[in-house]
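Per chain, numbering begins at 1; letters A, B, ... match sequence-line order.
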2 protein chains.
Amino acid sequence: MSPMKNLHSPTFSPLYRQIRALITRSLEAGEWGPGDVIPSESELAARYGVSQGTVRKAIDEMAAENLLVRRQGKGTFVATHNDPRSLFRFLRLSANEGALPPIKSVPLECWRAKAGAEVAKTLGIEVGAPTIIIRRLLQFGEEPVVFDELYLSGELFPDLTLDILKANEMSLYSLFETRYGVRMIRADERLRAVSADRVSAEFLKVAEGSPLLLVERVAFTYGDKPVEWRRGLYSTRNFHYHNVLG
Amino acid sequence: MSPMKNLHSPTFSPLYRQIRALITRSLEAGEWGPGDVIPSESELAARYGVSQGTVRKAIDEMAAENLLVRRQGKGTFVATHNDPRSLFRFLRLSANEGALPPIKSVPLECWRAKAGAEVAKTLGIEVGAPTIIIRRLLQFGEEPVVFDELYLSGELFPDLTLDILKANEMSLYSLFETRYGVRMIRADERLRAVSADRVSAEFLKVAEGSPLLLVERVAFTYGDKPVEWRRGLYSTRNFHYHNVLG
DNA sequence: CAGTGGTCTAGACCACCTC
DNA sequence: AGGTGGTCTAGACCACTGA
């Protein structure tokens, strides 16, 4: 790689960001899958014709954003949702008291439909394009806590059915990643307080009209491409959504 | 500074973390106040007897945690809450549609009391120690959106009164920092959905029993010392709490 | 122009893991 | 022993700021 000293160029980006873009492209292309080791820093430095320090800085950034995971003495790995530590990066729930009981995901429904205006806009697809809709209940111990409704672009998850969801104990994002090669790397959430309607109240075993936490999420894969829209109703009697402001 | 190559020591920490600790100590001691420039990287390197690269790595970490702010060509500055960009790091509210109207903070009450068991535990002070309690309303445009109740350790804010709160247009954290030298660097929040009681409903101009977002916050200053406990009720009809999962 | 942070390099050595 | 990432150094040059 030439240094590309594009002086005074408006599109200037330092060498380590160009390296980062190359590594990201290999991730998108699937050259290294989730959980795999990527080549060592010195190998990458040789491949791209830069110093090890420059590769290192590129990887530093990607590790800080949870795209890669460094393990001293072993190598650098592609991040994966199969890692239990990564689960709570995308499920910000804690128990009001004591430890969190074991989590169980209960798929309820899964069907296909054509994208309406709102879904199409959110997922960046055409109105009328195929989508998948999933309804699902999250239980902590035996207590139902989250009632989720998900919208996915249908093309990315060709054969997804309720049976497949039921057959997989792993988290949804693990399934998406393992079976469909779609890795979620970031999500935006919007939180509001709402009143439980009849259906939600029934699933969550609370009184109709009870206050519930509404969590709307748009999840993105590589290249900030939106691939999931999710609306979750959280029962926050015994659990809460936690967040760190830094 | 000697390299401190404490091999095989359980308390080993790399040189740049030791430098970081020294810089942090100077921040705590007030050697450089919020908004000030700190010495240049080469100056600090000379002062501590390490290379510039090592100082740089220490500052990198602190900048990533919003303790310091780098400005190319100008220097490195102590972060401050007077910066409008920093306001929304601690107030995660957005409008459901359109831009956010101007924010107005309306102090309602401010009195002193002895710490109860819960407050004492949260703030890490003795039961019966002096505390300050503040009630305040946050308006977006003319619409009341957040009804806050704050508990502060009394010793840190000696002369704080309702009049002082009313006389300062700036954010609370700016005031705490400017007037009392207490800088909030991190906060943990817990979110739940609750029903509006009579008092809150009145302040927020919603019907009694309406769903509200309850946000409990513990804010920390240097050394992870808790100094504020806050309970806020958010009316989320036209606004929402936003969060990024990465 | 001088001073700041930002980038890039090359080389040495340490800490950890595996064989 | 040999590989990996982690730390530390020294030096060169670039980009931005303000006098």
(message) Assess, by modelled atom type and distance only, whether the side chains of R192(A) and N96(B) contain a donor and an acceptor separated by less than 3.5 Å.
(response) yes
(message) Check E41(B) with R70(B), please: is the shortest side-chain N to carboxylate O separation under 4.0 Å?
(response) yes
(message) Counting the benzene-type ring for Trp, do H81(B) and F176(B) have ring centres under 6.0 Å apart?
(response) no
(message) If the helix axis at each end comes from five base pairs, how far does the helix from dC1(C)-dG18(D) to dT18(C)-dA1(D) deviate from straight, to 10°?
(response) 10°
(request) Identify whether the distance between the nearest side-chain nitrogen and carboxylate oxygen of R186(A) and E65(A) falls below 4.0 Å. (result) no
(request) Verify the distance criterion only: is there a donor paired with an acceptor across the side chains of D60(A) and Y16(A) at less than 3.5 Å? (result) no
(request) Using only side-chain N and O atoms of T54(B), determine if any of them is under 4.0 Å from OP1 or OP2 of dT7(D). (result) no
(request) Please determine, for the side chain of E43(B), which listed nucleotide (dT4(C), dT9(D), dT7(C)) has the closest atom? (result) dT4(C)
(request) Calculate the interatomic distance between K57(A) atom NZ and dC8(D) atom P; express it in whole Å. (result) 17 Å
(request) Calculate the interatomic distance between Q52(A) atom CD and dG3(D) atom C1'; express it in whole Å. (result) 12 Å
(request) Measure the shortest side-chain to side-chain distance between T236(B) and Y241(B) over non-hydrogen atoms and say whether it is less than 4.5 angstrom. (result) no
(message) Strictly below 4.0 Å, N to O, side chains only: are E216(B) and R190(B) in salt-bridge contact?
(response) no
(message) Let's see if you can work this out: which of dT7(C), dT4(D), dG5(C) has an atom nearest to the side-chain heavy atoms of S42(A)?
(response) dT4(D)
(request) State whether R56(A) places a side-chain N or O below 4.0 Å from either non-bridging phosphate oxygen (OP1 or OP2) of dG6(D). (result) yes
(message) Nearest whole Å is fine: how far is dC8(D) C1' from I19(B) CD1?
(response) 11 Å
(request) On DNA chain C, check which nucleotide each of V55(A) and Q72(A) is closest to and give me the residue with the more 5' one. (result) V55(A)
(request) Give the rounded distance in Å between these two atoms: CZ of R20(A) and P of dT7(C). (result) 13 Å
(message) Whole angstroms only, please: what is the CD-C1' distance between E41(B) and dG11(D)?
(response) 15 Å
(request) Output yes when at least one side-chain N/O atom of K74(B) is less than 4.0 Å from OP1 or OP2 of dG3(C), else no. (result) no
(message) In whole Å, I'd like the distance from the CG atom of D60(A) to the C1' atom of dT7(D).
(response) 12 Å
(message) It should be established whether R70(B) places a side-chain nitrogen or oxygen under 4.0 Å from OP1 or OP2 of nucleotide dG6(C).
(response) yes
(request) Indicate yes or no for a side-chain donor-acceptor contact from R89(A) to the backbone of G246(B) under 3.5 Å, with no hydrogens or angles considered. (result) yes
(request) Tell me whether the OP1 or OP2 atom of dC8(D) has a side-chain N or O from S51(B) closer than 4.0 Å. (result) no
(request) Let me know the distance between CG of L68(B) and C1' of dG5(C), rounded to the nearest Å. (result) 13 Å
(message) Whether R71(A) contacts dC16(C) is assessed here as follows: a side-chain N or O lying under 4.0 Å from the phosphate OP1 or OP2. Is that the case?
(response) no
(request) May I have the distance from R17(B) (atom CZ) to dC14(C) (atom C1'), rounded to whole angstrom? (result) 16 Å
(message) Side-chain N or O of S40(A) versus OP1/OP2 of dT4(D): is the shortest distance under 4.0 Å?
(response) yes
